[in-house]
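The block underneath contains the structure these notes are about, expressed in structure tokens.
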Protein chains: 2
Amino acid sequence: MNFQHRKRLILQTVDERGSVDVRELADLLQTSEMTVRRDLVQLATAGLLYRTRGGAMKVSLATDSFRFANKAALNADRKDYICQLAAQEIQEGDVIFMDCGSTVFRLCQFIRNKRIAVVTNSLPVVAELLTSDVTVNLVGGEVDKDRQAIHGLIAEEHIARYRANRAFMGVDGISLEHGLSANSEKEASITMAIARQTDKVYLLCDSSKLETNKYLYFAPLSLFDVLITDTEAKPDVISAYRKAGITLIN
Amino acid sequence: MNFQHRKRLILQTVDERGSVDVRELADLLQTSEMTVRRDLVQLATAGLLYRTRGGAMKVSLATDSFRFANKAALNADRKDYICQLAAQEIQEGDVIFMDCGSTVFRLCQFIRNKRIAVVTNSLPVVAELLTSDVTVNLVGGEVDKDRQAIHGLIAEEHIARYRANRAFMGVDGISLEHGLSANSEKEASITMAIARQTDKVYLLCDSSKLETNKYLYFAPLSLFDVLITDTEAKPDVISAYRKAGITLIN
DNA sequence: GTTGTTTTGTTCAAAAATAAACAAAATTTA
DNA sequence: TAAATTTTGTTTATTTTTGAACAAAACAAC
């Protein structure tokens, strides 16, 4: 009974029963609970089931195809708050860019019923909006498997073919002193490419990222027009940003 | 007991039992485990079985049918047979186009371990290959929600930027008299666009589609180079196709 | 709050499987 | 036939998987 066998049996059991617990599985698979746990962790990070305390649950089949490996759930409340604010900025008929950040991903749920067009390089965003009223346009190019997104030269060329009223983007780091920074060159250049083609750029940035710096500085603060963050940002940071002439919503 | 002979027995055993382990096979084939391993590696890279630790299993059992489990299951056996033949045509380093048909989708499982690049307009194909060794390139443009694929002008432009050795495509109808036909204008024009950029075009077409016609005739038979179908095709149909100068594999 | 129970994560050692290296056998080629 | 090449088997080292033990965390009951 190797991993592949166990995996198949686990998924099958979860699918049939809706949920299972570790003890049961260990018994069924004739193996230790420790091994079952390890299997469940692996299957959960692959998005094939939901891990629960003491077992696992079936994941709703509709949305699992591209789902982020639970990363999207990190600081979900703050991110949802930010996205709610962002959604209020959107008007019928808008054409908007959305990039591949985990915050931006959560914007999907708030725009499902809007009659707008979305241009994105994020596969999870596409998967999510596949069952919505939104018209979706996917940026083409090389697929970055880790980020579940499209990056590279062709992608940037593709972006240059479009023009949007608004863009909603994430960023890895932002500071008054150094501006915007990123963990990856790829993401930085997509951000730049989108900003060039957009009338009004919104930066969605949860408060934990304010005044942090990542290794790659790629643009001044003037790249964006509006910064949307949450209410847990420190008051002095907020006022400093406002004093620096930044339009900040929270 | 040579190489070819062993391979045949291994595949047969895997097919009958679903899965096997190395020890068992070494015993059955009267050879060493090392040799069995070497054989398994070879068969796995050819996509004919799925390598597991300690043995191997049927490809269809290993892929999580849960992921994009939609209508692709119709005539699954025939389609898998066709795809196995198709996979054998593919060589390391190839750049291949795959379109958004349900037959073509099933090719994914057979090419997971190949070191090739795939250019596709199909979202399920991308989802499937996201967890494979394959380099994936996604065609950009407007998302067709019903077909879970990208179509339209921008998509065709994007395709024109690439060049591939091989293309694997489906078609809705094919007949000696009228050539290729489709249910949708969108799909037809993507098919044409891909064919223009490809050295060798393979049509994957289960036998039920031979000698059928759909409403839109869009290309002569000369559009493709090789037709791959299953063994249930009528002998007289097959010979008629061959007589018409078509390269047909089944 | 505290206590007791359950579940989880971590570390470690044993077992299993694999890959690598090299020798032996079989096959092909000259 | 002999040399060259390929294929196979054996041994050894490396990697992966597993289960046990125990500490840490989460949860429930009080």
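Within every chain, numbering begins at 1; the chains are lettered A, B, ... in the order of the sequence lines, protein sequences first and strands thereafter. Just so we're clear, the structure is a prediction, and the values are computed from it rather than from any experiment.
- We find that CG of A:Leu40 is positioned 13 Å from P of D:dT18, with the value rounded to whole Å.
- In this structure, the side chains of B:Arg78 and B:Ser207 come closer than 4.5 Å at one or more pairs of heavy atoms.
- Between the CZ atom of A:Arg37 and the P atom of D:dA20 there is a distance of 12 Å, given to the nearest Å.
- Taking the C1' atoms of five terminal pairs at each end of the helix from C:dG1-D:dC30 to C:dA30-D:dT1, the two resulting helix axes are inclined by 40°, rounded to 10°.
- Legend: salt bridge (Lys or Arg N to Asp or Glu O under 4.0 Å) pairs involving residues 86-99 of chain B, not counting sequence neighbours, sorted by first then second residue: B:Asp94-B:Arg166.
- Look at NE2 on A:His5: it is 15 Å from P on D:dT17, rounded to the nearest Å.
- First and last contacting nucleotides of DNA chain C toward chain B (any atom under 4.0 angstrom from a heavy atom, 5' to 3' order): C:dA17 to C:dA20.
- A search for ring-ring contact (aromatic ring centres under 6.0 Å, His included) contacts involving B:Phe97 returns nothing, not counting sequence neighbours.
- Partners of B:Arg17 according to the salt bridge (Lys or Arg N to Asp or Glu O under 4.0 Å) rule, which considers only residues two or more places apart in sequence or in another chain, are B:Glu24.
- The distance between atom CD of A:Gln42 and atom P of D:dT16, rounded to the nearest whole Å, is 13 Å.
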Name each donor-acceptor pair under 3.5 Å that joins a side chain in residues 33-43 of chain B to protein atoms two or more places apart or in another chain, with its distance.
| residue | atom | partner | partner atom | Å |
| --- | --- | --- | --- | --- |
| B:Glu33 | OE1 | B:Arg37 | NH2 | 3.2 |
| B:Thr35 | OG1 | B:Ser32 | OG | 3.0 |
| B:Asp39 | OD1 | B:Arg6 | NH2 | 3.1 |
| B:Asp39 | OD2 | B:Arg6 | NE | 2.5 |
| B:Asp39 | OD2 | B:Arg6 | NH2 | 3.1 |

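- Remark: B:Arg242 pairs with no residue by the salt bridge (Lys or Arg N to Asp or Glu O under 4.0 Å) rule, at least two apart or across chains.
- Checked against D:dG9, D:dT17, D:dA20, the side chain of B:Arg38 finds its nearest nucleotide in D:dG9.
- Every residue was checked against the salt bridge (Lys or Arg N to Asp or Glu O under 4.0 Å) condition with B:Lys7, not counting sequence neighbours, and none meets it.
- Atom CZ of A:Arg6 and atom P of D:dT17 are 9 Å apart (whole Å).
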Listed pairs under 3.5 Å, donor-acceptor, residues 169-177 of chain A side chains, sequence neighbours left out:
| residue | atom | partner | partner atom | Å |
| --- | --- | --- | --- | --- |
| A:Asp172 | OD2 | A:Asn183 | N | 2.8 |
| A:Ser175 | OG | A:His178 | N | 3.0 |
| A:Ser175 | OG | A:Asn213 | OD1 | 2.9 |

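- Residues B:Val36 and B:Arg53 both approach DNA chain D. Their nearest nucleotides, taken by heavy-atom distance, put B:Val36 toward the 5′ side.
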